[in-house]
Protein chains: 2
Amino acid sequence: MANLETHRIPPRADSARPVRGEVCSPFGASAQAPVFFPAGKEIYAQGEKSGNLYKVEFGAVRVYRLLADGRRQISAFHLADEVFGFETDSTHHFFAEAICGTGIRVLRLSSFRDERAGELLPMALEGLIRTQEHLLVLGRQNAVERVAAFIADMSERQGGLPQVELPMSRADIADYLGLTIETVSRIFTRLKHKDVIRLPNLRSVEIVKWQVLQELAS
Amino acid sequence: MANLETHRIPPRADSARPVRGEVCSPFGASAQAPVFFPAGKEIYAQGEKSGNLYKVEFGAVRVYRLLADGRRQISAFHLADEVFGFETDSTHHFFAEAICGTGIRVLRLSSFRDERAGELLPMALEGLIRTQEHLLVLGRQNAVERVAAFIADMSERQGGLPQVELPMSRADIADYLGLTIETVSRIFTRLKHKDVIRLPNLRSVEIVKWQVLQELAS
DNA sequence: CGGCAATTTGAAGGCGCTCAAAAGTAGTGG
DNA sequence: CCACTACTTTTGAGCGCCTTCAAATTGCCG
């Protein structure tokens, strides 16, 4: 199972921040050690020069945009083994932050039109499909459906087990689902009272009734 | 300007439907004539075998998903010169339909991991960025902001002129913005009364106050 | 002109938000 | 180990935006 504990002791607690722009190992090669980001640390920011890709070794990442008045939309969470950071031009359009202690392997790309495009395209398309699925959730599903879909999705990405670890806060979940923290909390409570889920602690969900959860997710 | 008229007489009014799976010209080559789809015609459906890419020559396309109860979310509109149809596996996850009389050039791909990935990746990323921008709109913007952003986006994609042609119905716009047709209609009317836009006819918008529209789009 | 569909307009209600306060959780230091 | 603090999460009450349902109007094409 992916390591999602927020307060796990990291393999390398030193290097607080990677030096972006350094030459890193080619993709797939595992000689280069991952860089460690403590909880809340920025991985890249909107407006920064891009050109790298990032692979989550352990932990979790949130990718988001901000409106001028501070409203935030998290476009994706990335868990272990997922690749993110795709950009069209040389500038980042989003922010990326470690949610908990997170190991990131960086791949420097000279150009997106390089010889590795063949390997990269399927990963980019994976993200595209996932984002389009999320559009349906935000555009056409109500609060219960959104939360149910979120829990089901997190479970699937962690191996389909009933025990689901949530590295992110309620605020993160809310900003991912286009809801408020209060609404997210209320739905969790409602699902708990209906015995669809159990909440062993703040960062864990146990799915009790898979069938019902799936139906609620529509 | 892109040709967006719904009832334009097409160059080839015969072939109502392309035969999918046929060998088509390599991408970029223009020898192969585009296939014509009349308004409302399905280009591909969810669950169908994929493997092709589609380039809009003229007209407009809507790509969408459906929930079991019929709720629809349009994930993207595609206008002239845009490429769509990217999929991870060999099955379509979405529906694609011509909005108005539309010419489509089909590119058959033997594999997404083929030698053209270098050209394809930037196009896929273009769509990814656009979809992620749309997530922000659906997740965190209110009805006025959504409609304003939509009008501004359509204008930009048609050259930034104040005269904007809307090939799609109010229902399409609503299903793209995650609203109801009534709300979309009300917002259009409100913007008209505030002299931000004019509505010469049902399928046209004239942007009168760019500044105000941009501010409303946040 | 007449018929049908799309759009607009109106009225009422509900879902999720805002504001507010209580309860729970974690980290720190005595 | 417990007290203290700061923060997150939960719970409550009231409201507002958008939806739902309904009807009028407009636009289109025979």
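Numbers restart at 1 for each chain; the letters A, B, ... are given by sequence-line order, proteins then strands. Bear in mind that the values here come from a model prediction, so they are computed numbers and not experimental data.
- Here ring-ring contact (aromatic ring centres under 6.0 Å, His included) pairs that include residues 197-218 of chain B, with residues two or more places apart or in two chains, number zero.
- Residue B:Arg170 contributes atom CZ, which lies 12 Å from atom P of D:dC28 at whole-angstrom precision.
- Look at CG on B:Asp175: it is 13 Å from P on C:dA6, rounded to the nearest Å.
- In this structure, A:Asn52 and A:Leu107 have side chains that are not in contact, with every pair of non-hydrogen atoms separated by 4.5 Å or more.
- When each of B:Arg105, B:Arg157, B:Lys55 is tested with B:Glu82 by the rule salt bridge (Lys or Arg N to Asp or Glu O under 4.0 Å), just one qualifies, namely B:Arg157.
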Practice problem: Classify every nucleotide of nucleotides 9-18 of chain C by which part a protein heavy atom approaches to under 4.0 Å, writing B for the base, S for the sugar-phosphate alone and - for neither, in 5'-to-3' order. | Solution: BBB----SSB
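- Following rounding to the nearest Å, A:Met168 (CE) and D:dT8 (C1') show an atom-to-atom distance of 16 Å.
- For B:Arg71 and D:dT19, the CZ to C1' distance is 13 Å, given to the nearest whole Å.
- For the pair B:Arg203 CZ and C:dA6 P, the computed distance is 9 Å after rounding to whole Å.
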Exercise. Test B:Glu87 against B:His93 for side-chain hydrogen bond (donor to acceptor under 3.5 Å, both in side chains), laying out the working first.
Key: CA-CA 8 Å; B:Glu87 298 283 351; B:His93 293 68; 2.9 Å; yes
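- Within the structure, ring-ring contact (aromatic ring centres under 6.0 Å, His included) contacts touching residues 132-161 of chain A (residues at least two apart or in different chains) are A:His134-A:Tyr176, A:Phe150-A:Tyr176.
- A salt bridge does not link B:Asp175 with B:Arg71: none of the charged nitrogens is closer than 4.0 Å to a carboxylate oxygen.
- The nearest whole Å value for the distance from the CG atom in A:Leu202 to the P atom in C:dA26 is 7 Å.
- Nucleotide D:dT10 holds its P atom 11 Å from the CG atom of A:Asn201, rounded to whole Å.
- Rounded to whole angstrom, the span from the CG atom of A:Leu199 across to the C1' atom of C:dA23 amounts to 15 Å.
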